[in-house]
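To start, the structure itself, in structure tokens.
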Amino acid sequence: MAEFFKQLIAQLSAVWNKLSVTQKIITASLVGFTVLGLVFLMFWSSGATTESGLKKLYSDLELEEASLITEKLDQGGYKYKLEQGGKTILVKAKRVYEIRMALARDGLPTSHGVGYEIFDKTNIGVTDFVQKLNARRALEGELQRTIEGLDEVKSARIHIVIPEPTIFLERRKDPTASVVIKMTPGKALSKDKVRGITHLVSSSVEGLKANNISIVDFRGRLLSNPYGDDETALASSRNMELQHNVERALEKKIDNLMHDVLGPGKATVQVAVDLDFNQVEKTMEKYDPESRVVRSEERSDENVKNAPDGDQQQERSLTNYEIDKTVEHLIREVGNIRRLTISVAVDGRYNKDEEGKDLYEPRTAEELANIEDIVKNSVGYDLTRGDHIVVASMKFDNEYMRMEQESIEKQEQWAFRMMIAKYIIALIVVIMVILLIRYLAKTLAEAMNPPIPQVEIGALEAEVPIEVPEDVRKSNELLDRVELMSQQEPVNIAAIIREWLMEPMAGKKKG
């Protein structure tokens, strides 16, 4: 193997020495550019690492937690760098996982709170106050972990206040709690999940009522119920939310229908719903005087014998009838639709004139009537309850949309041109590299196989006369004569050659 490398180096040295100065410069430049390109690709592929070979250890840390982590890093002798105001810690890329495992053994980072593992270690001599404080911290940590399990929640902080018990009823206070939530970017908590968090916290703390829990986000916006104990305001809020949801559902249904019939952006729909929030419970009794049912019947027979008037026989009959009665117990739930009001604005058609300008053409009465019919059927239109619908054709102001569309088209054209330019530049670079490699290969081939100089024989004959030896001249003449005879007398030449071949055979027979 060593001999092979020695020969290779010797051959390369020989080829290099045969190159001219220009060829040496071109070859060295090509090799240098190739090496630089490979180095750039290596650094670009390792994009996770930052400058100076540093990589993120943790980011978005609280300052208190960051101070604890940096303290452990100082104790371990690890080098680090702080960014984003101390919220991001950078360490050497090759030691990231080693440092994370070392910090995990110390329970860092503690962003998920401290749970009931706080009681894993038994501390002798702990006071009752510290024990209660640890119990509250553990409860807050467990609730924090549970709430952070939601997809919409990035982090959470729980604060629970449990008043000291007292024997005086007028001095007793209810527990309270506050929940601060940081949302995951691009997501939001629905009202159902906010109510779920409220009931989770209230069910986890003894004596904690749902109206004593405040849920806010990191921007200070209140997410929980703002009405507290006001049941009337709470009921009104829920009713308005239900009405809003019904209106949005009907609008979405009509809008999807118009999108399929007229096309996108050709209709605008608004729906107003009047809901009945009265909960009615009534009992009705109906009697039918025309219908009778026998309820009971009584008969008695009386016989009298040896009476002065003679024997007598009496019969009595008593029949009781019941009148037909119907009893109905009706309970009407809240949220029934009492009235619908629907407004649909439809854009017309646009045709091109001879100059290429858009001419507006309103919808015909027949088209508007058809649109009105399909909208009525889609929402359950009922004329008996006073529903009202208006479908009007009008010209939409699409100037802003047209400007935005033109801007988007220009951006798309610019992006397309830039993409084409990139491909053209890449193609030119590839062609230049191919030509350069071809030139380099040709140069190396010429250096390794130098051309043989050509000798002009005619010029040499003209300048220096060539003398042919006598024996060579006679041999040439004899060959020319034999060639001429073989062409003129081929039979005689064949007979002579046959005799030559037979002579050794005859000599052998005689011997």
Side-chain angles (χ1 to χ4, degrees), residues 62 64-65 68 106-184 187-239 241-242 279 334:
E62 298 293 335
E64 297 178 357
E65 190 173 18
L68 294 176
D106 296 331
L108 293 174
T110 59
S111 58
H112 295 288
V114 180
Y116 286 113
E117 65 272 8
I118 195 173
F119 296 107
D120 292 343
K121 297 180 181 180
T122 303
N123 296 324
I124 301 175
V126 178
T127 61
D128 184 60
F129 173 76
V130 176
Q131 196 73 2
K132 291 181 179 179
L133 182 61
N134 289 336
R136 190 182 67 186
R137 287 180 57 195
L139 179 59
E140 291 175 351
E142 294 295 334
L143 289 174
Q144 176 183 346
R145 293 173 179 177
T146 304
I147 294 174
E148 287 180 350
L150 298 175
D151 294 336
E152 295 82 359
V153 179
K154 184 177 182 181
S155 61
R157 295 291 299 273
I158 314 294
H159 304 282
I160 299 175
V161 178
I162 301 177
E164 292 293 332
T166 178
I167 60 175
F168 300 102
L169 296 179
E170 65 274 6
R171 296 184 181 178
R172 289 183 181 177
K173 296 181 180 179
D174 296 330
T176 58
S178 300
V179 182
V180 184
I181 294 176
K182 185 176 183 180
M183 305 291 184
T184 302
K187 295 185 179 181
L189 278 176
S190 62
K191 292 186 178 181
D192 292 336
K193 291 191 176 182
V194 172
R195 285 193 289 266
I197 294 174
T198 302
H199 288 288
L200 170 67
V201 177
S202 63
S203 302
S204 302
V205 181
E206 183 180 0
L208 181 58
K209 299 179 181 178
N211 52 19
N212 288 334
I213 300 174
S214 299
I215 302 178
V216 297
D217 60 6
F218 268 57
R219 297 181 180 179
R221 296 179 300 178
L222 183 64
L223 303 178
S224 58
N225 173 31
Y227 301 108
D229 296 331
D230 192 350
E231 295 294 337
T232 303
L234 180 60
S236 299
S237 175
R238 291 177 179 174
N239 293 342
E241 182 181 356
L242 177 60
Q279 186 173 5
V334 299

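Note that the numbering runs from 1 along the sequence shown for the chain. The structure presented is a predicted model; accordingly, all values stated were derived computationally and were not measured. Because only heavy atoms are used, hydrogens play no part in the values below, and waters and symmetry mates are left out as well, while side chains stay in.
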From [X] atom [atom1] to [Y] atom [atom2], the distance as rounded to the nearest 0.5 Å:
| X | Y | atom1 | atom2 | result |
| --- | --- | --- | --- | --- |
| Asp174 | Lys209 | CG | NZ | 4.5 Å |
| Leu150 | Met183 | CG | CE | 10.0 Å |
| Ile162 | Leu133 | CD1 | CG | 10.5 Å |

Any heavy-atom pair between the side chains of [Y] and [X] that's under 4.5 Å?
| X | Y | result |
| --- | --- | --- |
| Ile160 | Leu143 | yes |
| Lys132 | Glu164 | yes |
| Ser202 | Ile213 | yes |
| Leu189 | Ile197 | yes |

**Request:** Can you establish whether the number of heavy atoms outside Arg195 located under 6.0 Å from its atom CZ is more than 12?
**Result:** yes
Looking only at non-hydrogen atoms, find the nearest pair between [X] and [Y] and report the distance.
| X | Y | value |
| --- | --- | --- |
| Ile215 | Ser224 | N-OG, 3.2 Å |
| Leu208 | Pro175 | CD1-O, 2.9 Å |
| Lys173 | Pro163 | O-CG, 3.5 Å |
| Leu223 | Val194 | O-CG1, 3.3 Å |

**Asked** Under a 4.0 Å N-O cut-off, is there an ion pair linking Glu142 with Arg145?
**Response** yes
**Option from Val153, Val216, Ile158 for which side chain to side chain contact (heavy atoms under 4.5 Å, CB included) with Ile181 holds** = Val153
Under 3.5 Å: donor-acceptor pair, side chain of [X], backbone of [Y]:
| X | Y | answer |
| --- | --- | --- |
| Ser214 | Leu222 | no |
| Glu148 | Ser155 | no |
| Glu152 | Lys187 | no |

